[in-house]
Amino acid sequence: MAKTEIPPIAIDLDGGTDIGAAIVDADLLLIDDGAGGTMRKTAASRLKTYIGGGISNADYWNKGASQSINAQTGTVITGSWAQQTGRGGGGNEIGSGLTESSGVFTFTSTGIWYVSGWCRCVMNGNTRYINLSLEATTDGSAYNVLGFGSGQMSDQDNDGVTQVDASALIDCSDTTSIKFRFLITSDAAISVGGDSNYTQTGLVAIRLGDT
């Protein structure tokens with residue numbers, strides 16, 4: 001079929017009929033392929049890939065059981081981590097999320113990630129400090145502190161309770177070597193709370209954009 005050139009000025013968009021509905025993925029558009037003069041159709045869904053479709057990964061993890069922490073010993077929060085699926089949570093809210101092994105979390109896609117974690121701490125007595133560190137590694141071995149939170153509990157007859165949290169942005173340019181974990185240190189023995197039904201200790205990780 002012979003091409004018919006229609007100059008852009010001859011197309012009366014104002015006189016066209018409005019679509020009358022929200023744009024959906026299946027809607028078709030015309031595009032000049034590579035500015036080479038060949039017009040092709042494309043689905044509106046491809047615009048999201050080109051422009052960026054917003055948040056592509058958001059993950060929510062819960063610690064399902066409590067963990068004892070010895071005094072003055074930096075301890076990785078580990079054991080019984082799982083994606084939150086109870087109480088209306090959907091585990092991987094968006095995308096493929098994270099994987100976890102022995103308290104070390106690995107990203108499944110590169111990008112700039114916002115990571116925020118918290119833990120409920122319990123003891124019978126008092127503490128001068130409870131420190132929570134969000135640590136990351138770029139070589140899978142040596143860790144550096146990126147985020148840090150601190151709290152304490154006062155002496156009382158019943159169990160003292162407090163929450164500590166730590167957050168950071170992590171630039172994951174390599175999903176093999178860049179990982180993170182949470183390390184907790186206290187001047188007295190404590191328990192980090194965990195429950196499979198709701199989150200006492202948990203984390204949220206959201207991919208904000210490309211690295």
Side-chain angles (χ1 to χ4, degrees), residues 57-108 113-137 140-170 172 178-208:
N57 261 295
D59 209 2
Y60 178 20
W61 285 70
N62 172 57
K63 185 167 169 52
S66 298
Q67 178 181 353
S68 297
I69 306 297
N70 295 326
Q72 298 180 341
T73 301
T75 304
V76 176
I77 298 179
T78 186
S80 63
W81 279 110
Q83 289 165 322
Q84 176 63 280
T85 56
R87 308 288 178 174
N92 280 334
E93 300 297 333
I94 302 174
S96 54
L98 309 171
T99 61
E100 179 268 342
S101 177
S102 301
V104 176
F105 290 85
T106 301
F107 301 103
T108 56
W113 288 74
Y114 170 72
V115 176
S116 181
W118 63 95
C119 60
R120 178 179 185 267
C121 302
V122 182
M123 73 164 296
N124 188 359
N126 71 289
T127 65
R128 290 180 295 118
Y129 65 85
I130 300 172
N131 296 330
L132 179 66
S133 300
L134 169 52
E135 301 184 327
T137 178
S141 177
Y143 283 83
N144 297 307
V145 177
L146 291 182
F148 184 83
S150 188
Q152 68 179 62
M153 286 179 274
S154 300
D155 188 12
Q156 51 191 302
D157 294 333
N158 298 316
D159 287 347
V161 180
T162 192
Q163 177 176 300
V164 288
D165 54 81
S167 305
L169 288 178
I170 299 178
C172 178
I178 297 178
K179 309 173 188 291
F180 71 90
R181 66 187 185 184
F182 288 92
L183 188 84
I184 192 162
T185 307
S186 174
D187 69 325
I190 63 172
S191 175
V192 171
D195 193 294
S196 60
N197 292 315
Y198 64 94
T199 305
Q200 297 184 25
T201 298
L203 70 91
V204 170
I206 302 172
R207 185 185 183 278
L208 301 178

Answer yes or no: is there a side-chain heavy-atom contact under 4.5 Å between Tyr129 and Gln152? no
side-chain contact (heavy atoms from CB on, under 4.5 Å) with Ser66: which residues, sequence neighbours excluded? Ser191
Please lay out, stage by stage, how Ile130 and Ile184 fare under the test side chain to side chain contact (heavy atoms under 4.5 Å, CB included). CA-CA 7 Å; Ile130 300 172; Ile184 192 162; 3.9 Å; yes
Distance in Å, Arg120 CZ paired with Asp165 CG, rounded so as to fall on 0.5 Å steps: 15.0 Å
Within a strict 4.5 Å, meaning less than it, do heavy atoms of the Thr75 and Val192 side chains meet? no
Distance (rounded to the nearest 0.5 Å) between Tyr60 OH and Leu203 CG: 9.5 Å
Restricting to side-chain contact (heavy atoms from CB on, under 4.5 Å), what partner residues turn up for Glu135, sequence neighbours left out? Ser133, Tyr143, Val145, Arg181, Leu183
Show your reasoning for whether side chain to side chain contact (heavy atoms under 4.5 Å, CB included) applies to Thr201 and Trp81. CA-CA 9 Å; Thr201 298; Trp81 279 110; 4.1 Å; yes
Rounded to the nearest 0.5 Å, what separates atom OG in Ser186 from atom CG in Leu132? 11.5 Å
SG-CD distance between Cys119 and Gln200, expressed to the nearest 0.5 angstrom: 10.5 Å
Got a second to check how far Thr99's OG1 is from Gln83's CD, nearest 0.5 Å? 9.5 Å
Please confirm whether the ring centroid of Phe180 lies under 6.0 Å from the ring centroid of Trp113. no
Do you know which two heavy atoms are closest between Ala205 and Val115, and how far apart they sit? CB-CG2, 4.2 Å
Determine the minimum heavy-atom distance between Met153 and Val161, stating which atoms define it. SD-N, 3.4 Å
Taking atom CG of Leu98 and atom OG1 of Thr108, what is their separation to the nearest 0.5 Å? 6.5 Å
Evaluate side chain to side chain contact (heavy atoms under 4.5 Å, CB included) for Phe107 paired with Asp59, printing each intermediate quantity in order. CA-CA 10 Å; Phe107 301 103; Asp59 209 2; over 6 Å; no
Among pairs that include at least one residue of residues 187-204, which meet salt bridge (charged side-chain N to carboxylate O under 4.0 Å, His left out), considering only residues two or more places apart or in two chains? Arg128-Asp187
Going by ring pair (Phe, Tyr, Trp, His ring centres under 6.0 Å), name the residues that satisfy it together with Phe182, two or more places apart in sequence or in a different chain. none
When every non-hydrogen atom of Ser80 is compared with those of Ala65, the smallest separation belongs to OG-N, 3.1 Å
Checking side chain to side chain contact (heavy atoms under 4.5 Å, CB included) for the pair Ser96/Asn57: CA distance, chi angles, key distance, verdict? CA-CA 6 Å; Ser96 54; Asn57 261 295; 3.8 Å; yes
Minimum heavy-atom separation for Cys172 and Ile178, please, with both atom names. CA-CD1, 3.9 Å
Heavy-atom distance under 4.5 Å between the side chains of Val164 and Ser150, does that happen here? no
The side-chain contact (heavy atoms from CB on, under 4.5 Å) partners of Ala168 (sequence neighbours excluded) come to Leu134, Leu146
Return a table of donor-acceptor pairs under 3.5 angstrom between the side chains of residues 67-74 and protein atoms on other chains or two or more places apart.
unit_1	atom_1	unit_2	atom_2	d
Gln67	OE1	Lys63	NZ	3.4
Gln67	OE1	Thr78	N	3.0
Gln67	NE2	Val76	O	3.1
Thr73	OG1	Ala71	O	3.2

